[in-house]
Amino acid sequence: QVQLVETGGGLVQAGGSLTLSCAASGSTVRINIMGWYRQAPGKQRELVAVTNRGGSTTYADSLKGRFTISRDYAKNTVSLQMNSLKTEDTAVYYCNAELYGTASYYWGQGTQVTVSS
């Protein structure tokens, strides 16, 4: 099993930047894909960005250019650098991990990001 813990959320002003981090523990050698999702009030949880062990990355079209995902394999962490934040980015951000050869996803507890106008 894998445990995920997100940190770095908080309150920021529109136009500002924030970096989220996710630390994985447990069966980390089995992790293939790691990524970030978010859920705003009243909306479905949506993809923010994901990356696999081959280095491929996928971003939500609306976020490409503002958000950057990176992974540190030695530390078993994945980060999300968020720039030029907008009020629409306000959401709970969740870390996600998928294990090799499975359709099993693990989720962190989420971290709140609030962007003020």
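Quantities reported herein were computed from a predicted structural model and do not represent experimental measurements.
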- Query: Excluding sequence neighbours, so at least two apart, what forms side-chain hydrogen bond (donor to acceptor under 3.5 Å, both in side chains) with S17?
  - Reply: N83
- Task: Write out all pairs satisfying salt bridge (charged side-chain N to carboxylate O under 4.0 Å, His left out) with one or both partners inside residues 102-117, taking only residues at least two apart or from two chains.
- Result: none
- Any chance you could measure S27, atom OG, to N76, atom CG, to the nearest 0.5 Å? 11.0 Å
- Message: Once side-chain hydrogen bond (donor to acceptor under 3.5 Å, both in side chains) is applied, do any residues pair with Y100, and if so which ones, sequence neighbours excluded?
- Response: R53
- Message: By the salt bridge (charged side-chain N to carboxylate O under 4.0 Å, His left out) test, which pairs, at least two apart or in different chains, include something from residues 101-117?
- Response: none
- Taken in chain and number order and not counting sequence neighbours, the residues that satisfy side-chain contact (heavy atoms from CB on, under 4.5 Å) with T114 are L11, T90, Q112
- Note on the structure: For residues 102-111, the salt bridge (charged side-chain N to carboxylate O under 4.0 Å, His left out) pairs (sequence neighbours left out) are none
- Check A91 against R38 and note the closest heavy-atom contact, atom names and distance. CB-CB, 3.9 Å
- Query: Under the ring pair (Phe, Tyr, Trp, His ring centres under 6.0 Å) rule, what pairs show up with a residue in residues 68-90, not counting sequence neighbours?
  - Reply: none
- Note on the structure: Residues at least two apart in sequence or cross-chain that pass side-chain hydrogen bond (donor to acceptor under 3.5 Å, both in side chains) with R66, listed by chain then number, are D89
- OG1 of T58 to NZ of K64: how many Å apart, nearest 0.5 Å? 8.0 Å
- Is I33 isolated, or which residues cluster with it under the ILVMFWY side-chain rule of less than 4.5 Å, directly or via members? Y37, L47, V50, V92, Y94, Y105, W107
- Message: Under a 3.5 Å distance rule, please check whether T51 uses its side chain to pair with a backbone N or O of S56 as donor and acceptor.
- Response: yes
- Grab the two heavy atoms, one from E6 and one from C95, that are nearest each other, plus how far apart they are. OE2-N, 2.7 Å
- Message: A side-chain contact here means heavy atoms from C-beta on lying under 4.5 Å apart; do T87 and S117 qualify?
- Response: yes
- Query: Hydrophobic cluster mates of V5, side-chain heavy atoms under 4.5 angstrom, ILVMFWY only, any path?
  - Reply: none
- Members sharing L4's hydrophobic cluster (side chains within less than 4.5 Å): V2, V12, L18, L20, I31, M34, W36, V48, Y59, L63, F67, I69, V78, L80, M82, L85, Y93, L99, Y106, V113, V115
- Message: Under the rule for side-chain hydrogen bond (donor to acceptor under 3.5 Å, both in side chains), what residues qualify as partners of T19, not counting sequence neighbours?
- Response: Q81
- If you round to the nearest 0.5 Å, how far is CD of E46 from OG of S62? 6.5 Å
